[in-house]
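Every heavy atom of this structure was used, including side-chain atoms; hydrogens, water molecules and symmetry mates were not. Indexing begins at 1, ligand by ligand and atom by atom, following the structure's order.
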Amino acid sequence: MSKDYGADQIQILEGLEAVRKRPGMYIGSTSSRGLHHLVYEIVDNAVDEALAGYCNTIDVSINPDNSITVIDNGRGIPVEINKKKGISTVEVVFTILHAGGKFGGGGYKVSGGLHGVGASVVNALSEWLEVTVEVDGKMYKQRYERGKVIEPLRVVGESDRTGTTVSFLPDRDIFEETVYEYDILIQRLREMAFLTKGLKIILRDLRTSEEEENAEPNVKEFHYEGGIKEYVQYLNKHKTNLYPEIIYCEGSRDSVYVEVAMQHNDSYSESCYSFVNNITTPEGG
Ligand code: 28F
């Protein structure tokens, strides 16, 4: 279907083309690390909805074709037409490269409520991506291929829940490796749950190898009301602690909120993990 591209559409195509030309600039690398980073970008947007107080459960599935589905029970990305752009807010989130900070490798990512910042990057690097928004009793859906809009957001049915679902298949033209590793996702999603106390994150691996035809799918649930206190408990599980309690303090100054949890054990090596807005700061920055 030929359509005359306005300046905005050209800007959109150039933006996502830039991501496909230099993916490493946006997700750090196109190796296994970059492949798994796609999941974290989408889950981060659902976590932002949880941090905003509107979502308490996030479902992540590795599908049999190695596509990923992430479901949250938040408010749903707004479906209204964005006056300035003339397209739905959903389409803005998935097709316009947001200025909200660099991604991955050595850059920084501004999170904490900046919904959808990484969504357009994931879209550009996926053979296909489908977003479903359930809100006001309706189910809306839009599909993209390698970042290009296939059709406008449209109502596809009714729904009695609210939330956002994103499914995507990483582009094998971009990623050397397109097979997801369950254990890598377990590690990071468990950490995200520790860092977002009260949020339930469920991870399912729906790929079954031939021999285990009707085996139960692998599923893991992460839900920690105790947040980073429970994280320290988990990290010290197989250690000998020097005292029973976990030292915990929290506080804020000049609207900067800080939480600390620690417990000494009898090993010689120290494990100190620091995060800012849920993002690991390896140098403790
Ligand atoms: C499976 C991945 O991406 N969840 C999201 C929301 C909710 C809102 C939102 C997202 C663009 C710039 C506003 C709804 N109602 N899950 C997700 N849930 N984005 S992404 O807004 C993004 C708009 O700012 C939302 C009211 N405010 C925000």
Side-chain angles (χ1 to χ4, degrees), residues 8 12 15-16 26-27 36-63 67-101 103 109-126 128-144 147 149 153 156 159 161-170 180 185 188-189 192-193 195-196 198-204 206 222 277-279:
D8 276 356
I12 289 173
L16 299 188
Y26 298 88
I27 57 166
H36 290 81
H37 194 90
L38 299 181
V39 181
Y40 311 148
E41 285 300 344
I42 299 298
V43 172
D44 273 356
N45 297 333
V47 169
D48 282 347
E49 188 63 356
L51 292 172
Y54 295 99
C55 155
N56 60 18
T57 307
I58 300 174
D59 272 276
V60 183
S61 297
I62 310 171
N63 301 312
S67 65
I68 295 286
T69 297
V70 184
I71 306 171
D72 78 31
N73 63 344
R75 294 166 290 185
I77 303 175
V79 296
E80 290 71 29
I81 297 297
N82 172 302
K83 301 253 177 323
K84 214 154 56 76
K85 304 274 182 192
I87 54 177
S88 68
T89 300
V90 170
E91 192 169 324
V92 170
V93 166
F94 283 92
T95 61
I96 297 182
L97 211 49
H98 288 76
F103 295 85
K109 176 167 174 263
V110 179
S111 95
L114 262 185
H115 284 99
V117 169
S120 53
V121 170
V122 176
N123 191 17
L125 302 177
S126 296
W128 54 261
L129 181 145
E130 274 189 3
V131 54
T132 305
V133 173
E134 294 168 275
V135 65
D136 299 336
K138 292 196 182 78
M139 181 182 279
Y140 300 78
K141 202 184 270 279
Q142 182 162 35
R143 181 181 170 89
Y144 316 88
V149 172
L153 183 76
V156 294
S159 167
R161 66 180 292 274
T162 61
T164 302
T165 299
V166 175
S167 293
F168 65 89
L169 178 69
Y180 276 102
L185 293 179
R188 177 62 185 142
L189 294 180
M192 284 173 135
L195 295 172
T196 319
L199 172 64
K200 185 188 290 186
I201 300 180
I202 302 162
L203 172 62
R204 289 182 180 81
L206 303 178
F222 307 116
N277 291 348
N278 281 3
I279 295 162

Is a donor from one side chain sitting under 3.5 angstrom from an acceptor on the other, for T132 and T165?
no

For a quick check under 3.5 Å, do T69 and N63 share a side-chain donor-acceptor pair by atom type?
yes

Measure the distances from the heavy atoms of P78 to every atom of ligand 1 and state whether one is below 4.0 angstrom.
yes

Any atoms of ligand 1 less than 4.0 Å from a non-hydrogen atom of I42? List them with their elements.
1 (C), 2 (C)

A student checking ligand 1 against A46 at a 4.0 Å heavy-atom cut-off should list atoms 16 (N), 17 (C)

Taking side chain as C-beta onward, heavy atoms only, is V122 less than 4.5 Å from Y40?
no

T164 heavy atoms, cut-off 4.0 Å: which ligand 1 atoms fall inside?
1 (C), 4 (N), 5 (C), 16 (N), 17 (C), 18 (N)

Do D72 and ligand 1 have an N or O pair less than 3.5 Å apart?
yes

Any idea which of E80, R75, E41 brings a heavy atom closest to atom 25 (C) of ligand 1?
R75

Need the ligand 1 atom indices (1-based, order shown) with element for anything under 4.0 Å from a heavy-atom of G76.
7 (C), 14 (C)

Run the numbers for me: atoms of ligand 1, each under 4.0 Å from some heavy atom of V70, listed by number.
1 (C)

Side chain to side chain, L125 and I27, heavy atoms closer than 4.5 Å:
yes

Residue pair E91 / Q142, side-chain donor-acceptor N/O under 3.5 Å
yes

Side chain to side chain, Y144 and W128, heavy atoms closer than 4.5 Å:
no

